[in-house]
Amino acid sequence: MSCIKRVDRSAYVAMAPEAPFIAAGTMAGAVDLSFSSSSNLEIFELDFNSEDHEMKLLGQCSSSERFTRLAWGSYGSGSEESPYGCIAGGLVDGNIGLWNPLTLIRSESNESAHVRYLSKHKGPVRALEFNVISPNQLASGDDDDGTVCIWDLADTSEPSHVLKGTGSYTQGEISSVSWNREFKHVLASTSYNGTTGLISCSVLQWDPDNCNQIMIASDEDSSPSVKLLDIRYPQSPVRTFSGHHRGVIAMEWCPSDSLYLLTCARDNRTICWNTKTGQIVAELPTTNNSNFDVHWSPKIPGVVSASSADGNISIYNLEGCSRNGSGENNLIDAAPLTAPKWWKRPVSASFGFGGKLVSSNSKLPEASVVFLHSLATEQSLVNRITKFETEIENGEKTSLMSLCKKKSEETESEEEKETWSLLKIMLEEDGNAKTKLRTHLGFSLPCEDQKDQEHHATYSSENVEEEISDPLFDDAIERSLIVGDYKEAVAHCLSANKMADALVIAHVGGSTLWESTLDKYLKMSNAPYMKVVSAMVNNDLMSLVHTRPAKLWKETLALICTFAEGDEWTSLCDALASHLLSSGFTLAATLCYICAGNVDKTVDIWLRGLEKDNAGKSYSERVQDLMEKTVVLALATENKRFSGSLYKLFESYAEILASQGLLATAIKFLKLLEPGDFSSELSILRERFSQSFMNILAFSNNESVSWTNLDYNYFLFLQPSFTPAPVTNAQPSKTTLVSLNPPPHQQRSMDFHSSTRYTNATYNPPPALYLNSKIHQTVVQQVELMVPAQRVAVQPPPAPVAPPPTVQTADTSNVPAHQKPIVATLTRLFKETSDTLGPAKKRDIEGISKKVGSLFAKLNNEDISKHAAEKLSLLCQALDKQDFNAALQIQTHMASTEWDECNFWLLPLKQMIKGRQNVR
C-alpha cells in the first residue's frame, strides 16, 4: 500500500528539516464540508511505528488569514528556544507569519506560538523559501506587483533586499522562488505569466548538483512538459521530461538523491522522474482532483507528501508506487539499474574467515579502496593462547612441569588444582612418578628410624602374651606329626583357630597343602587388610578394584601404583575409573583416567562441563582451558588414541583460533590429528585454513603465492620430544626446516610406566604439535626440496634435484591405456587456460603447469589410488561434455575424500575449470 498516512485537510504543507513532523496551513480559497472560513496552522507527527492510518495532531493555533504558501526552515534549530527551527507562512493579506514549532507542539503552554509578522508585500505571498546555505535568509514573492523580498530573520523590521524587475525583466505575479544550492547569494524567481528565455515558466527549482542548471515547468496546459535548462544556454533545454498532459503546478527536487524530481499537474498525475534519463520512475495514485503541493521528507528518504484539492494530505512511500499509478510495479521494477542513494551504504563491513574484517567507506577520498583489517575480538584470549604456545614451544618436561605448577597455583577451583597437580606428576621421570603419585595420594614409606621404633614397639617382651597349653590338642598334633600326617595336623590347628601353627605345618607338608591352607586362611580372615593380601597373593588386583568401596579410591589407586606394572597399570586404572564414574565420583574417575593415559575418556568427562558457565568465563575461554589440559595430557602420555568427540573439540578450537586470526596456530593443532580420520567438515575447514594462510603469506611477502609453493606436507613442525640441532646460515626470509628424525642421543622417552619401554625399539616420533616461533612461517620454494641445502651444520649438502615435471615435460609414455584420456583432456584444458590468461599471468600458468605435471608423473608411475583415478576419469568425461558444473562437483567431492593424496593438484584443477566455465 503506497499511502501510509493521511489526514483530511485542504492545506499547504511543509516538512520539518530535523524532526518527523509535518506542518499544514489552511489553503486560501478552499471550502470544507462545514463551509468554515477559519484558518489554522497545525503540526502532525509522522509516526510510522503506529498502525493508525491517521496522522496524530501534536498542536495547532489559529491564523488571522489563510495560507498561500508554507515553508519550514532550520533557523534557530539546536537552541533551547526553537530546537525545531522556524515555520514561515505566506498569507492572503500579503503578510508573512513566523511561528515557533516548539511552542505550537506544547499544547499545555499558554505562550503564543506566533512570533511576528513580516509586512512588505501588498498581495498574497505565493512564493516562499528558506536559504539552505544561510538559514537566516528567507525569500518571498507576491502576486501583486512582482516584488521579491529577502528577509534576514535576525532583523525582521525591514527586508534586507527588495528586488523588482524593470523594463523587459518586469515580472507580474511571483509564483516561485528558488535559492541556488551552491551560491548562497543567487536566487531565481518566476511569475505565472513569466518566461525564461523563450520558454514559458511558472515554477522552478535549482539543480542541487549543478549550479548552472535549473528545472522549470509551466502551469499552462499548452506546454505541460518539464525542462532542465542550462542558464548559460537557455534557448536549448538540456533535457525535456514528457509525461504530463496539462500544466504543472508544483515540483520539488529530492533532498536525499538529486536523481529524483517530483512534479504534480492539473492532469491529476503526480510523477517521480529520473533526472538523468528522463524516465518516469514512479507515479503516485491518481485522485479525483489534482495535487497542488508536493514535498519530499528531508529526513526519511523515499517518503513524500501530496496535498490534494480533494481535501486531504497523503503521505506516500515511493517504493510502493507504480510507474503508471496502477500499483503493479514498484520503484525497484521501474528503475532496476539505478538504486537511490539512500539505498547505498556509505560504509560497509563484513567479517571474513581467519579473523579478518573487510570494510569500505564511500565518504573517504579513496572511496574505491577496500580495507582489510586483522581483528581479534578477544584480545585477552589471543594473549593467553600466545603465552601458552610459548610455554610449551619445545615440549620439554621441565617447561611443561612449570606450566602445570603455575596453573595449579593460579586456579581457585579445587578440581583444577587436583587436575594440574596430577598432570605435573605424570611428567615426572619414570623412577619418581609413581613414588610422587603415592605421596600425593597420602601414602609414603616411613624412614628407617621410624621403622625400627615401630618394630621394637610391636615385638617388645612386654607385649608377648603366654599361650595356655591344651594337653589333648597338643597330643593329637604330636601323633599326626609322628606318623607324617601333616594334613590332619593342619586340620586340628584350623579347628582350634591356630592359624600361624597351621601355616607352618602346611609349609612342611608340601606346596599343595600349603596353597590349600593359605586359601582357607585368607577366606577365614575378617580383617580388611587381608583382602588386600589375598589380591596380592592371588595376583588378582582387578577383583580388588571392583570390590573395594568407591570412597576408598585413593587407597586403591595407591595399591595399583605399588604393585601394577606396564599394561596392567593402564587396564587397572581404566577399570577403577569406570567403577568410580558409575558410582558418581566424577573427579576421582577423571584423575584415574589421567593416570591410565586415556585421553579420550578424560576429555569426554571434561566436555560434559564445557557448556556450563564456569566463573563467568566465555565459551572460548572454557575451550582454551580444556585444550590446555588436553594438550599437556597428550604430551605427558604420548597417547595417540583419539575419538570422534576429541576430533570435534579440535575442530571447534581451530575455528576459535581462526576467528582471532591465529591461522598458523590452528594449522598446528589440526596437524596433530590423523588426516585419514577427518570428517568432510574438518577436511573443508583444513582447506580453508590452507587457502587463507596462503593469502596471508602472499601479503606478508608482498608477492603473489600460488599453490605451486604451498602444500600441507611442507608445514614441518618442531617435535615436542627432542631438542633440535642448531640451524646455521638461515636467512630471515627463507623457511628454516627442522629435522623430523633427531640423532639417537637426542631421543627421550616420556613413558610413565616403564623405563625400558623403548629399549631396542625403532624410534617413532610422536605427532607434531607446535611450530618453532623462531622459524619464519613461509612456504617451501620448490616441492622437491623438502630439506634446505644447509639445514644442519653436521649434515652434508644434498645432491642437486632435477626440475619438477610440467605439462610439457612430464613423461607419459607408461600411463595405462584407460588413463590416457585423462592426460589428453587435462592437456587441452591447460592449453585453453593458458590462452585465456595470457602472458600477464605467466607465473600462475607456470604454477599450474607444475601441479598438473606432477599428476601426469603419478599416472605414469601408477602412483595414484584406484578411487582417485576413477573419480579423475569421471571429471575428465564431464569436461569433454562441457559439463563444468558436474566437473566442479566431482572436484569438491575429491577435496573432501581424497585430499591427502590429491591436494597438490586439486586446487589448480578447480582454477582451470572455473576459468574455462567463465570464458564460455
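Count residues from 1 along the sequence. The model shown is predicted, which means the values in this text are computed figures rather than measured ones. Note: hydrogens, waters and symmetry copies are ignored here, and every other heavy atom, side chains too, is used.
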If you measure only the distance, is there a donor-acceptor pair under 3.5 Å linking the side chains of Trp273 and Thr263? yes
Not counting sequence neighbours, which residues clear side chain to side chain donor-acceptor pair (under 3.5 Å) with Arg6? List them please. Asp8
Could you pull out all residues at least two apart from Arg232 that satisfy salt bridge (Lys or Arg N to Asp or Glu O under 4.0 Å)? Asp230
Are Glu173 and Ser191 close enough, and set up right, to give a side-chain hydrogen bond (donor to acceptor under 3.5 Å, both in side chains), and what steps lead you there? CA-CA 5 Å; Glu173 302 171 355; Ser191 61; over 6 Å; no
Reference residue Ile174; test side chain to side chain contact (heavy atoms under 4.5 Å, CB included); the match among Val148, Leu163, Thr190: Val148
Please list, chain by chain and in numerical order, all residues satisfying side chain to side chain donor-acceptor pair (under 3.5 Å) with Asp257, sequence neighbours excluded. none
Non-hydrogen atoms of Met15 and Val304 that approach each other most closely: CE-C, 4.4 Å
Could you check whether any side-chain heavy atom of Thr270 comes within less than 4.5 Å of a side-chain heavy atom of Tyr316, counting everything from C-beta outward? no
Residue pair Asn289 / Thr287, side-chain donor-acceptor N/O under 3.5 Å: no
Looking at NE2 of His295 and CD1 of Ile313, how far apart are the two atoms once the value is rounded to the nearest 0.5 Å? 9.5 Å
Flag the pair Trp99 / Cys61 as yes when at least one side-chain heavy-atom distance between them is below 4.5 Å, and no otherwise. yes
Nearest 0.5 Å please: distance from the CG atom of Leu58 over to the CZ atom of Arg106. 13.5 Å
If you compare all heavy atoms of Trp253 against all heavy atoms of Ser258, which two are closest, and at what distance to 0.1 Å? NE1-O, 2.6 Å
With sequence neighbours left out, write down each residue that passes side chain to side chain donor-acceptor pair (under 3.5 Å) with Asp221, or none if nothing qualifies. Arg246
The complete set of salt bridge (charged side-chain N to carboxylate O under 4.0 Å, His left out) pairs with one or both residues in residues 39-53, sequence neighbours excluded, reads Arg9-Glu42
For Asp152, what residues pass the salt bridge (Lys or Arg N to Asp or Glu O under 4.0 Å) criterion, not counting sequence neighbours? none
Gln205 and Trp179: CA distance, side-chain angles, deciding distance, side-chain hydrogen bond (donor to acceptor under 3.5 Å, both in side chains) verdict: CA-CA 8 Å; Gln205 285 267 306; Trp179 289 99; over 6 Å; no
Could you please spell out the steps behind the salt bridge (charged side-chain N to carboxylate O under 4.0 Å, His left out) verdict for Glu283 and Arg269? CA-CA 7 Å; Glu283 182 176 351; Arg269 299 185 69 183; 2.8 Å; yes
Sub-4.5 Å side-chain heavy-atom contact between Thr26 and Ser63: no
Pairs touching residues 117-131 that satisfy side chain to side chain donor-acceptor pair (under 3.5 Å), sequence neighbours left out: Ser64-Tyr117, Asn95-Ser119, His121-Ser140, His121-Asp142, Arg126-Asp143, Asn131-Gln137
For a quick test of reading the model, state the closest non-hydrogen atom pair linking Gly89 to Leu70 and the distance between them. CA-CD1, 3.8 Å
Taking the side chain as every heavy atom from C-beta outward, state whether Val132 and Trp206 have any atom pair closer than 4.5 Å. no
Could you tell me the separation between the CD1 atom of Ile271 and the CG atom of Leu261, rounded to the nearest 0.5 Å? 10.5 Å
Ser157: partners by side-chain contact (heavy atoms from CB on, under 4.5 Å), with sequence neighbours left out: Asp155
Above 12 or not: heavy atoms from other molecules or residues under 6.0 Å from CZ of Phe48? yes
In terms of heavy-atom contacts, Trp296 and Pro255 come closest through CB-CD, 3.4 Å
More than 12 foreign heavy atoms under 6.0 Å from NE2 of His373: is that the case here? yes
Quick one: side chain to side chain donor-acceptor pair (under 3.5 Å) partners of Gln660, sequence neighbours excluded? Thr377
Identify the two heavy atoms, one from Ile214 and one from Ile231, that lie closest to each other, and give their separation to 0.1 Å. CG2-CG2, 4.0 Å
Inspect the surroundings of CD in Glu80 and state if more than 12 heavy atoms from other residues, nucleotides or ligands are less than 6.0 Å away. no
Sequence neighbours left out, what passes side-chain contact (heavy atoms from CB on, under 4.5 Å) with Pro301? Give chain and number order. Ser256, Trp342
Salt bridge (charged side-chain N to carboxylate O under 4.0 Å, His left out) contacts in which one or both residues fall within residues 288-302, not counting sequence neighbours: Glu18-Lys299
Side-chain contact test, heavy atoms from C-beta onward, threshold under 4.5 Å: evaluate it for Val226 versus Ile216 and give yes or no. no
Note, Ile43 side chain near Trp72 side chain (heavy atom, < 4.5 Å): yes
Side chains of Leu318 and Tyr260: closer than 4.5 Å at any heavy-atom pair? no
Got a donor-acceptor contact below 3.5 angstrom from the Arg116 side chain to the Leu98 backbone? no
Taking C-beta and beyond as the side chain, do Ser314 and Cys3 meet within less than 4.5 Å on heavy atoms? yes
To the nearest 0.5 Å, atom CG of Leu153 lies from atom CG of Leu118 at 7.0 Å
Lys5 and Ser50 have their tightest heavy-atom pair at NZ-O, 3.2 Å
Do His244 and Ser225 meet the criterion of a side-chain donor-acceptor pair at a distance under 3.5 Å? no
Among residues at least two apart in sequence or on other chains, which ones pass ring pair (Phe, Tyr, Trp, His ring centres under 6.0 Å) with Tyr84? Phe21
